[in-house]
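Here's the structure we're looking at; comments come further down.
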Amino acid sequence: MTTAPSRRAQIVVPATLEALRQVSEAVEDFLAQVDGIEEAEIVTYNIVLAIYELCTNIVTHAYAGEVGTIGLNLLLEESPLCLVVSVRDAAPRVFDEEGWTAPDLDEPKEHGLGIWLIKQLMDEVNYQPSPGNNRWRLVKQIPQRA
């Protein structure tokens, strides 16, 4: 069975693009503690990319230049092994999930691919909007080496 010294981690950063490097590094460090991940480099990259993209959207769209923080809780669950990432922000703006549509990949776009990318990289993406208390829950099944 896969074991890790830490099953939980908590990260709180300012809602700035510069602070997102701390998030990426913390997630990488957390996953590096997990033994036996199949294709660990690819799995870690995909998870970090999804979280980074979500946090970038929170900074640029939800906070849109306002001061705030982003809080993340990482939880490693077993049977099956998966990472559950809870992301919270206190931004006044909420993402319009009902108005969101998947992009037409036949029509190149500069922006607007973030949520689609997150949904492609993670196994579950749930959003609970509330001005001042937005919550995201991302889940990724972690493949294990035999």
Side-chain angles (χ1 to χ4, degrees), residues 2 4-66 68-91 93-131 133-145:
T2 301
S6 176
R7 291 278 189 230
R8 295 179 182 271
Q10 203 169 29
I11 308 156
V12 178
V13 296
T16 65
L17 294 176
E18 297 77 20
L20 297 187
R21 176 178 285 185
Q22 296 171 35
V23 172
S24 296
E25 290 171 355
V27 173
E28 287 173 3
D29 291 346
F30 183 81
L31 290 170
Q33 297 178 50
V34 181
D35 295 325
I37 297 177
E38 185 176 317
E39 298 182 330
E41 190 174 315
I42 294 169
V43 170
T44 298
Y45 178 84
N46 288 343
I47 292 170
V48 168
L49 179 59
I51 294 169
Y52 187 89
E53 183 61 38
L54 176 59
C55 291
T56 298
N57 284 348
I58 291 169
V59 169
T60 58
H61 300 295
Y63 281 112
E66 295 182 24
T69 60
I70 300 172
L72 295 93
N73 288 308
L74 308 177
L75 173 63
L76 191 64
E77 294 184 347
E78 294 186 33
S79 298
L81 186 65
C82 67
L83 177 66
V84 179
V85 182
S86 300
V87 181
R88 290 181 180 242
D89 68 73
R93 290 169 204 77
V94 298
F95 169 64
D96 179 14
E97 190 172 24
E98 290 181 16
W100 181 83
T101 58
D104 178 355
L105 298 180
D106 292 329
E107 294 291 323
K109 294 178 73 171
E110 257 184 62
H111 301 286
L113 298 175
I115 297 299
W116 177 83
L117 181 63
I118 295 164
K119 289 182 179 220
Q120 297 304 305
L121 295 171
M122 302 302 282
D123 295 310
E124 292 178 36
V125 178
N126 298 304
Y127 177 56
Q128 294 179 319
S130 177
N133 187 24
N134 298 302
R135 294 175 290 169
W136 291 85
R137 183 176 184 268
L138 311 177
V139 178
K140 181 66 177 177
Q141 302 298 319
I142 309 276
Q144 294 180 271
R145 290 190 297 259

- Query: What distance separates L117 CG from L49 CG, expressed to the nearest 0.5 Å?
  - Reply: 5.0 Å
- Give the C-alpha distance, both sets of side-chain angles, the deciding distance and a yes or no for side chain to side chain contact (heavy atoms under 4.5 Å, CB included) between V48 and E28. CA-CA 7 Å; V48 168; E28 287 173 3; 3.7 Å; yes
- Message: As a quick check of understanding, evaluate side chain to side chain contact (heavy atoms under 4.5 Å, CB included) for I70 and V23, giving each step before the final call.
- Response: CA-CA 10 Å; I70 300 172; V23 172; over 6 Å; no
- Message: Taking the side chain as everything from C-beta on, heavy atoms only, tell me whether I11 gets closer than 4.5 Å to Q22.
- Response: no
- In this structure, CG of D35 is separated from CD of Q144 (nearest 0.5 Å) by 10.0 Å
- To the nearest 0.5 angstrom, please state how far the CG atom of N73 sits from the CZ atom of R88. 7.5 Å
- Test item: I142 and I47 side chains (from C-beta on) under 4.5 Å apart, heavy atoms: yes
- L83 and L31, any side-chain heavy atoms less than 4.5 Å apart: yes
- Task: Write down the atom of A19, the atom of P14, and the distance for their closest heavy-atom approach.
- Result: CB-O, 3.4 Å
- Are the side chains of L81 and V34 in touch, meaning some heavy atoms are under 4.5 Å apart? yes
- Euclidean distance, F30 CZ relative to Q10 CD, rounded to 0.5 Å: 12.0 Å
- Okay, side chain of R137, backbone of S86: is any donor-acceptor separation there less than 3.5 Å? no
- Message: Would you say that L17 contacts T60 through its side chain, given a criterion of any heavy-atom pair below 4.5 Å between the two side chains?
- Response: yes
- Query: Would you say Y52's side chain and R21's backbone share a donor-acceptor pair under 3.5 angstrom?
  - Reply: no
- Is Y63 close to T16 at the side-chain level, that is, under 4.5 Å between some pair of heavy atoms? no
- Item | Non-hydrogen side-chain atoms of V139 and M122 separated by less than 4.5 Å | no
- Query: How long is the span from the CG atom in L138 to the NZ atom in K119, to the nearest 0.5 Å?
  - Reply: 10.5 Å
- Item | L74 CG to R7 CZ distance, which is reported to the nearest 0.5 Å | 13.0 Å
- Query: Which atoms form the tightest heavy-atom contact between R145 and I37, and what is the distance?
  - Reply: NH1-O, 3.3 Å
